[in-house]
Amino acid sequence: MIGDVKKTALGLLLGLLWTCAPPTRYAPLPPTPKPRTEIALIKGRYSGTVEACLRALGLPYAEFSPEAISGDTLRVFRMVIVPYLSEPSDSILDVLEAFVEGGGKLMLFYSLPDRLAELLGVRRVGYIRREYEGQFSEIRFGKDRPPGFPKRVRQSSWNIYIVEPASPEAKVLARWYDLKGRDTGYPALICSPAGCYMSHVLLEGDLDGKVLMLAGLVGHLFPDLWPAMARGALGRIGKVGEFTSLEALREVVAANGGRAFGLLRAAEQLRARAAWDIRRGRYALALLSSLKARNKAVEAYAEIQPSREGELRAVWLHNAFGVADWGWRKTAEVLSQYGFNAIFANMLWGGSAHYPSDVLPVSERAREEGDQIAEAVKWCHRYGLEFHVWMVNNYLGSRTPEEFLEKLRAEGRLQRSRDGKELPWLCPSHPENRRMEKEALLEVVRRYPVDGVHFDYIRYPGAFACYCDGCRERFQRDTGIKVKHWPDDVISGPYFTEFQAWRREQVTRLVREVSREVRRIRPDVKISAAVFSNWTTARFHVGQDWKLWVEEGYLDFVCPMDYTTDPEQFREWVLRQVEWTRGKVPLYPGIGAYRMMDGEEVLHQVALARSMGADGFVLFSYSPRVAREFFPLLHRGVTKSKTSPPHRWDWASFRLPEGLRYSCGDSIGAEVELDRLPKDVRDFRADVVLE
Ligand SMILES: [Zn+2]
């Protein structure tokens with residue numbers, strides 16, 4: 001009798017365990033209607049991370065510019081998110097105030113006008129710039145945090161507003177901690193029934209942490225949105241690269257086997273757990289599992305990317321002194337470790353240089369810290385990287401010494417806009433400017449064993465320039481045209497076409513002359529340019545005729561700056577660029593990694609570029625975050641084994657019979673050796689010119 005009771009109890013217990021244990025098989029959730037758009041986002045600077053979080057949560061939102069909001073437009077929304085608002089007008093504040101008074105919630109970052117502070121029950125007591133490295137490194141939530149919030153979120157901020165709750169209902173939810181894990185005492189997040197305030201903007205990095213934090217905030221203000229967020233994140237797990245579901249990814253992964261399969265299995269199990277938690281109403285837990293599942297799926301996707309032979313894998317680096325405080329040794333070492341093979345480093349501007357130049361003013365820092373080209377080339381070559389010296393042409397930036405600027409001004413060498421305003425750009429038609437830029441690049445090529453010279457800003461700033469007196473004079477001299485109404489006659493008047501052609505030639509001439517001279521001095525040095533994505537519009541707006549530079553052979557390869565987070569836009573751009581460069585020079589699209597929050601975006605664009613026939617890629621730009629978040633993912637597949645860039649490859653050789661005599665129209669036989677072609681080349685075209 002007693003034994004039976006025991007057995008029953010044991011059976012009951014086992015049964016309970018059985019029903020409580022999360023399943024390993026995914027049971028799809030019954031479909032629900034698409035969530036309504038209830039969030040308005042004021043788009044602008046620093047809105048990228050907020051947008052990435054909303055996308056990760058599958059929360060639909062409508063975008064507005066600050067000027068576009070009104071009581072009417074906001075009426076249909078429950079929440080307004082303001083990622084950054086610089087000096088809002090009174091009318092914008094009126095609208096936001098009325099919105100909150102009408103029951104709407106406000107999520108505000110950093111900028112805190114008094115009227116909004118009052119609405120949110122927050123008081124601003126000061127401002128602090130970080131006093132030591134890593135002072136504001138982490139947003140940490142207290143033990144009493146509302147459900148769904150993460151413990152901590154990483155973000156390295158350089159300044160914050162010092163704030164405190166100003167009403168009994170406002171509560172500090174999180175504070176800033178430093179790199180050593182010490183509490184700075186400064187509030188990071190304050191919430192009240194009217195909304196939430198964060199004392200800095202939401203920066204990139206630690207996307208998962210930020211997604212959880214944003215979900216926590218949204219869920220805190222609107223608990224009824226939790227199911228939609230949990231389902232949204234679940235629905236996104238398998239949307240990786242060109243794949244639309246985990247099942248589709250599985251098919252390809254299964255064919256690949258290896259580590260990718262284990263990662264995919266992990267993603268599937270986490271997804272099963274997430275669905276199971278959603279069924280039980282445990283949305284925050286489900287969200288966490290979904291984010292983990294997606295990371296596994298992205299890793300699996302990274303694993304199945306092939307490591308191609310004969311491909312440029314490069315980065316642009318804006319800082320002439322290496323990445324952050326790494327110095328050139330570490331900068332080169334890290335890049336090489338992750339399978340990259342080239343770097344484009346910005347060493348010259350229109351008005352300054354980071355090496356002891358005889359042509360351009362030397363930057364103060366380079367005078368103190370020494371010759372950066374020498375240092376960079378040394379370490380890049382030691383780590384097997386090509387070093388391309390990147391020059392910002394024409395544009396002067398902010399580093400030009402005042403006295404040099406004064407000299408340029410006095411000599412009439414600066415650009416002027418249509419209405420006569422001076423611009424911080426060198427006028428490309430001024431012979432002295434052209435000579436200076438050319439001599440600077442030739443000086444570099446003579447002195448240093450660089451592998452290439454790379455043009456950037458090789459254009460006008462826009463259609464609004466340059467209409468300086470010098471341009472007028474030189475245009476008339478070169479074309480023999482007498483312009484009656486300058487500049488109207490050349491902008492939209494009778495000489496539009498002639499002026500456009502002349503204007504383009506001013507930019508092209510520098511490319512042509514540098515290319516010719518560099519090849520004479522050092523034939524092994526490659527000439528390249530960072531150019532606008534759309535050649536057809538760039539040749540008019542900014543006078544950048546880069547397709548011509550490719551066709552005329554001035555460039556050895558070209559890098560269009562295809563910076564977008566929209567894969568469809570990227571695909572469209574590359575598709576046309578392939579047409580414009582096909583068979584002439586290698587095409588290396590620039591990928592805007594700085595705008596991407598998610599490693600999947602980088603992987604996807606690399607895959608797209610490859611599938612459309614590009615010959616490599618360049619990431620913009622090399623930073624600690626890009627290295628930390630994206631390099632390891634790329635190294636799982638894309639850059640796994642080393643290779644050299646195709647502009648160095650001697651892929652085919654031709655042999656003609658000895659003593660051959662031929663005349664026009666003859667057919668002649670030649671022997672072509674293709675042994676050195678990379679294994680995965682699918683088609684091949686060659687033009688043989690007999691001279
Ligand atoms: Zn000019």
Side-chain angles (χ1 to χ4, degrees), residues 348-353 359-361 391-442 455-515 529-532 535 537-546 548-549 554:
L348 301 80
W349 287 68
S352 62
V359 182
L360 290 167
M391 177 170 193
V392 171
N393 300 94
N394 300 328
Y395 182 49
L396 294 170
S398 56
R399 293 190 190 87
T400 311
E402 198 45 53
E403 70 221 65
F404 187 66
L405 202 63
E406 202 42 64
K407 175 177 144 70
L408 295 172
R409 188 174 290 136
E411 293 174 2
R413 290 165 61 182
L414 297 175
Q415 291 195 31
R416 297 220 171 244
S417 66
R418 181 181 184 159
D419 50 14
K421 215 181 108 219
E422 181 193 287
L423 302 165
W425 286 67
L426 296 170
C427 171
S429 81
H430 197 292
E432 193 48 37
N433 286 341
R434 198 165 55 243
R435 192 200 64 81
M436 178 176 77
E437 298 208 274
K438 184 170 79 179
E439 285 309 318
L441 285 170
L442 296 182
F455 294 103
D456 186 20
Y457 283 77
I458 184 76
R459 57 179 175 87
Y460 290 87
F464 53 87
C466 173
Y467 302 103
C468 73
D469 291 345
C471 275
R472 177 185 193 168
E473 210 183 290
R474 293 183 281 272
F475 171 66
Q476 299 196 121
R477 184 199 63 201
D478 293 349
T479 58
I481 292 169
K482 289 280 161 278
V483 184
K484 238 197 233 157
H485 308 287
W486 177 269
D488 296 354
D489 282 357
V490 298
I491 291 173
S492 52
Y495 307 121
F496 170 78
T497 311
E498 289 85 350
F499 185 71
Q500 283 295 326
W502 178 83
R503 181 176 184 259
R504 278 195 287 272
E505 167 61 14
Q506 304 313 307
V507 179
T508 295
R509 180 147 39 164
L510 180 66
V511 178
R512 185 171 57 229
E513 290 181 5
V514 168
S515 177
V531 297
F532 277 15
W535 160 75
T537 52
R539 62 197 294 265
F540 286 101
H541 290 144
V542 295
Q544 188 179 65
D545 204 359
W546 64 262
L548 179 85
W549 309 343
Y554 305 151

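Counting convention: from 1, in listed order, for ligands and their atoms alike. Computed from a prediction, not measured in an experiment: that's the story for all the values here.
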Original post:
Under 2.8 Å from the Zn ion (ligand 1), which protein atoms of type N, O or S occur, listed by chain and number?
Top reply: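 As for protein N, O or S atoms lying under 2.8 Å from the Zn ion (ligand 1), they are Cys427 SG, Cys466 SG, Cys468 SG, Cys471 SG.
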**OP:** Give a yes or no on whether the backbone of Thr508 and the side-chain of Trp549 come within a donor-acceptor separation of less than 3.5 Å.
**Re:**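 No, Trp549 side chain to Thr508 backbone: no donor-acceptor pair under 3.5 Å.
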Original post:
Is it true that the NZ or CZ of Arg503 lies under 6.0 Å from the centre of Tyr460's six-membered ring and within 45 degrees of the ring axis?
Top reply: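 Output yes; distance and angle both within limits.
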Original post:
Can you name the side chain to side chain donor-acceptor pair (under 3.5 Å) partners of Glu422, sequence neighbours left out?
Top reply: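 With sequence neighbours excluded, Glu422 shows a side chain to side chain donor-acceptor pair (under 3.5 Å) to Arg409, given in chain and number order.
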**OP:** Mind checking side chain to side chain contact (heavy atoms under 4.5 Å, CB included) for Ser515 and listing every partner two or more places apart, or none if nothing turns up?
**Re:**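 Applying side chain to side chain contact (heavy atoms under 4.5 Å, CB included) to Ser515 gives Arg519, Ile527, Tyr554.
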**OP:** Say whether Asp545 and Trp535, considering side chains only, have a donor N or O and an acceptor N or O under 3.5 Å apart.
**Re:**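 Yes, a side-chain donor-acceptor pair sits under 3.5 Å.
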Original post:
What pairs of residues pass the salt bridge (charged side-chain N to carboxylate O under 4.0 Å, His left out) test when at least one of them lies in residues 466-476, not counting sequence neighbours?
Top reply: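 Counting only pairs at least two positions apart or across chains, no salt bridge (charged side-chain N to carboxylate O under 4.0 Å, His left out) contact touches residues 466-476.
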